[in-house]
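Counting starts at 1 for both ligands and their atoms, following the listed order. Because only heavy atoms are used, hydrogens play no part in the values below, and waters and symmetry mates are left out as well, while side chains stay in. Source: prediction; values computed, not measured.
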Amino acid sequence: MGIVFNEKTGEFHLFNGRISYLMKILRNGQMGQLYFGPAIPQKEQYDYLVENSYRPTAAYVYEGEYSFSLDHLKQEYPSYGTTDFRMPALEILQEDGSRITNFTYVSHRIYGGKPKLEGLPATYTEKDEEADTLEILLRDELLGAELTLLYTIFRDMDAIARSARFENKGRQALRLTEAMSLSLDLPDSDYVWTQLSGAWGRERSVMERPLVPGIQSVGSTRGGSGHYQNPFVALRRPNADEFQGEALGFSLVYSGNFLAQAEVDTYGVTRMMMGIHPLDFTWCLNPGEHFQTPEAVVVYSNHGLNGMSQTFHRLFRTRLARGEWRDKERPILINNWEATYFDFNEEKLVEIARAAKQDGVELFVLDDGWFGSRCSETSGLGDWTPNLDRLPNGIKGLAARIEELGMKFGLWVELEMVNKDSDLYRAHPDWILSTPGRRESHGRKQYVLDFSRREVVDYIYGMIEALLADAAVSYIKWDMNRFITECYSAGWPAERQGEIFHRYILGLYDLYERLITRFPHILFESCASGGGRFDPGMLYYAPQAWTSDDTDAAERLKIQYGTSFAYPISSMGAHVSASPNHQLFRKTSMEIRGNVAYFGAFGYELDLTRLTLEERGIVRRQIAFVKKYRGLLHKGTFWRLKSPFEGNIVAWMVVSADKKQAIVGYYKILNEVNGPFRRLKLQGLDESFCYRLTEVGGEADAACSTLFFGSELMNVGMVTSDASAGEQNSQNHCTDFWSRVIVLEAE
Ligand code: DGJ
């Protein structure tokens, strides 16, 4: 286990007993990629994997030789213009206008553990034995510039983290115009590309297409990772599915503009790349300066897409998320947004909180509208002092009243934004991102504060620190409701304007870091108009994120299913909201809304005082269920069983580490007349254990008198045929948007 360097052959072998990653110092000193996949033995040499041969129209590196062409070689961090015509991982504009680079091997370091990345989120180790790291130092002799490629292989997770660091040790001013986090040349292109795409209200739908020659990509150029594409891609073999076969997952630990791209060349090689989007990106590397890219993580699975996701879940839940709340049971919350929108006062909030407390809710969250002149979306953002007309006792007084009820208190903020109608904007109109002489575009009547400037971040920190130090706030929902336009900072010179998108994100990370350090007891939840910045970068600071503003149960099945490709269910804020639903106006039962939200960080987003007694009874049962099982729900192994993108039946489950407990969620979107008999094959159980199945719901949960072996449940399946709509007298006949939750306990 570990990382081996073969001095004779110049080969590096990263392995953990299950996967291997092989590289080689090529004849020209650049780094070549040899292999990534299931473990292979450590051999004397793997030279046969350096494939090149004469091809008409190719350009060759060495005078008089017709074999060594970078266009044919699989590489680790390729550059353009010296025989490789594919898209490069880096590009550096030099003083003479040239962009040709040649980074060749100088030395390397191998050590246990994993380094932090300066100012950036990254996966980490708690003990050095958990991972091995390789740093390969390369130098461009002409420029005097250095490039360090960083690789960490985790010992008990089939994941490799990668990033790159540039340092200008030469004398000329360099401009980095592209610096990917990861570039990986795979020997063939027999893959199906899977991406998570969407929009506000329908984030992270699973979309697939076979790789074809040429470039295919997803990305964001909005200044945030966005609702539209997620910084995640999977490549699965055409014969792989959720449960078996080979799948590679790529994830960028970053919250800003990104590009994830696969280029299939004419010889069938797939160059997979991930990093900061090169559009509107330049970074000045003056002599003595350095630049660290964000981290990308690549996961290998030969247990299908579920296997890939389970590795991401474990890595992101335990070695990306941090702080006190990483492992703690998350409080069941109630958020007042959909209960009141902007129309509330202290008494109304306390009334909702009191009802919630009666039902067992643990945390009351006050959403938008509590500060400055904020009574609608047109004003107040930036003025983080309580509106005393609505909250005469301030946040401190309200928080104290909530605490007196026996609940914790949480608060919404949107620290990156300002309305023009605000004291902050009036005092500092030059603090927004805005291009001189150009129109300033708004989004939701708000503007983006220039977080690339230290003084702006300091000011916001000061304001919010004072508020949080003064009141009993246990939770923060950190929203962000528009993306960046006219990106330009008054705080930086002309030649650094290409840095602003990234500097903005660095400022955001800095503010988060300062706040989580100052207030380690506060649970942070990130949000961006729902799930518009649901990315691994955010998870480093906030262990949960608001998954989507769309809380309709049927839509949430798709959103949570897609999100689970890369993100653990403990990270997905999932609330029961009112029916008819506020986004879709669809009516669904209280049961299905709960049965979907159970598989997330559970809460409510409605006015409990308006529910019937019967509904309040259901709320109490739901809360009791979550309190009993949230440890299992959040820390168990999550399996997707039936996809909402493929059919009318949706199912998923979680299994405890010791396999003694499991919970299955089973959903039928539309009812059907006289439907087929059905069985659902479960996953991840112990074949020899005998499980008792208990149907959750109703006054008393109904335990099935028959016991089932794990092998039965996994091979024969759980019989799920339900009473048909035509069966009028049946007590449990289905309706549209019907669901069941079943608890399995090994006896
Ligand atoms: C967008 C969020 O996604 C909502 O949950 C809510 O907090 C609103 N913003 C408030 O303006």
Side-chain angles (χ1 to χ4, degrees), residues 198-204 222 224-228 230 255 333-344 348-349 352 363-384 386-387 390-391 395 409-419 421-422 442-449 464 473 475-483 523-535 538 542 544-552 555-556 559-560 563 571-578 581-584 593 597 600-607:
W200 174 88
R202 51 180 171 81
E203 294 91 338
R204 291 172 296 284
R222 293 164 188 272
S225 49
H227 304 81
Y228 311 90
N230 197 259
S255 311
L333 66 81
I334 184 152
N335 177 305
N336 76 306
W337 179 241
E338 290 198 1
T340 65
Y341 294 102
F342 288 110
D343 184 17
F344 62 82
K348 178 63 196 165
L349 298 176
I352 295 174
L363 169 72
F364 174 82
V365 179
L366 171 55
D367 211 280
D368 196 353
W370 58 266
F371 50 90
S373 60
R374 184 85 166 169
C375 293
S376 73
E377 57 187 44
T378 59
S379 72
L381 279 177
D383 298 340
W384 300 107
N387 176 335
R390 296 173 152 203
L391 307 173
I395 287 299
F409 176 75
L411 199 59
W412 177 97
V413 292
E414 191 176 0
L415 301 176
E416 299 154 69
M417 300 291 158
V418 69
N419 289 117
D421 185 0
S422 69
H442 77 96
R444 213 190 185 205
K445 294 213 169 59
Q446 63 193 54
Y447 299 82
V448 184
L449 283 171
I464 204 72
V473 177
Y475 161 105
I476 287 286
K477 174 177 172 185
W478 184 318
D479 205 348
M480 190 283 282
N481 284 299
R482 66 154 291 187
F483 295 108
L523 168 61
F524 282 80
E525 174 160 338
S526 72
C527 171
S529 295
R533 212 163 52 185
F534 204 123
D535 59 59
M538 282 291 115
Q544 58 190 58
W546 184 223
T547 315
S548 174
D549 277 342
D550 187 349
T551 47
D552 170 75
E555 290 302 299
R556 269 299 183 116
I559 296 166
Q560 292 174 209
T563 304
S571 67
M572 294 182 214
H575 300 173
V576 172
S577 62
N581 174 269
H582 288 199
Q583 293 74 39
L584 269 180
R593 283 175 271 154
F602 186 83
Y604 291 87
E605 182 125 359
L606 43 69
D607 186 349

Item to check | Set of residues satisfying ring pair (Phe, Tyr, Trp, His ring centres under 6.0 Å) with respect to F409, sequence neighbours excluded | outcome: none
Next on the checklist: Counting only heavy atoms closer than 4.0 Å, does ligand 1 sit against the backbone of N481, its side chain, both, or neither?
Outcome noted: side chain
Item to check | Heavy-atom check, side chain of E203 versus side chain of T547, under 4.5 Å | outcome: no
Checklist outcome for this item: Of all protein heavy atoms, the one nearest atom 3 (O) of ligand 1 is D549 OD1, 2.5 Å
Next on the checklist: Can you report which non-hydrogen protein atom sits closest to atom 6 (C) of ligand 1, along with the distance?
Outcome noted: D367 OD1, 3.4 Å
Item to check | Sub-3.5 Å N/O-N/O distance, F342 and ligand 1 | outcome: no
Checklist entry - Is R444 near ligand 1, meaning one of its heavy atoms is under 4.0 Å from it? => result yes
Checklist outcome for this item: ligand 1 atoms nearer than 4.0 angstrom to some heavy atom of C527 are 2 (C), 3 (O)
Checklist outcome for this item: So OH of Y447 and CG of L381: to nearest 0.5 Å the spacing works out to 12.0 Å
Checklist entry - Tell me: protein heavy atom nearest atom 11 (O) of ligand 1, and distance? => result D368 OD2, 2.7 Å
Next on the checklist: If we count only N and O atoms by modelled type, under 3.5 Å, do the side chains of Q446 and E414 hold a donor and an acceptor together?
Outcome noted: yes
Checklist entry - Will you find, in the side chains of D479 and N481, an N or O donor that is under 3.5 Å from an N or O acceptor? => result yes
Checklist entry - Any N or O of W412 that comes nearer than 3.5 Å to an N or O of ligand 1? => result yes
Checklist outcome for this item: In this structure, atom 2 (C) of ligand 1 is nearest to the protein heavy atom D479 OD2, 3.2 Å
Checklist entry - So how far is it from T551 OG1 to Q583 CD, rounded to the nearest 0.5 Å? => result 4.0 Å
Checklist entry - Between W412 and F371, how do the two ring planes meet: parallel, tilted or perpendicular, split at 30° and 60°? => result parallel
Checklist entry - By number and element, which atoms of ligand 1 are closer than 4.0 Å to a non-hydrogen atom of S529? => result 1 (C), 3 (O)
Checklist entry - Measuring from the heavy atoms of K477, does anything fall under 4.0 Å of ligand 1? => result yes
Next on the checklist: Using a 4.0 Å cut-off to any heavy atom of W546, which atoms of ligand 1 qualify?
Outcome noted: 3 (O), 5 (O)
Checklist entry - For the rings on W478 and W546, is their centre-to-centre separation under 6.0 Å? => result no
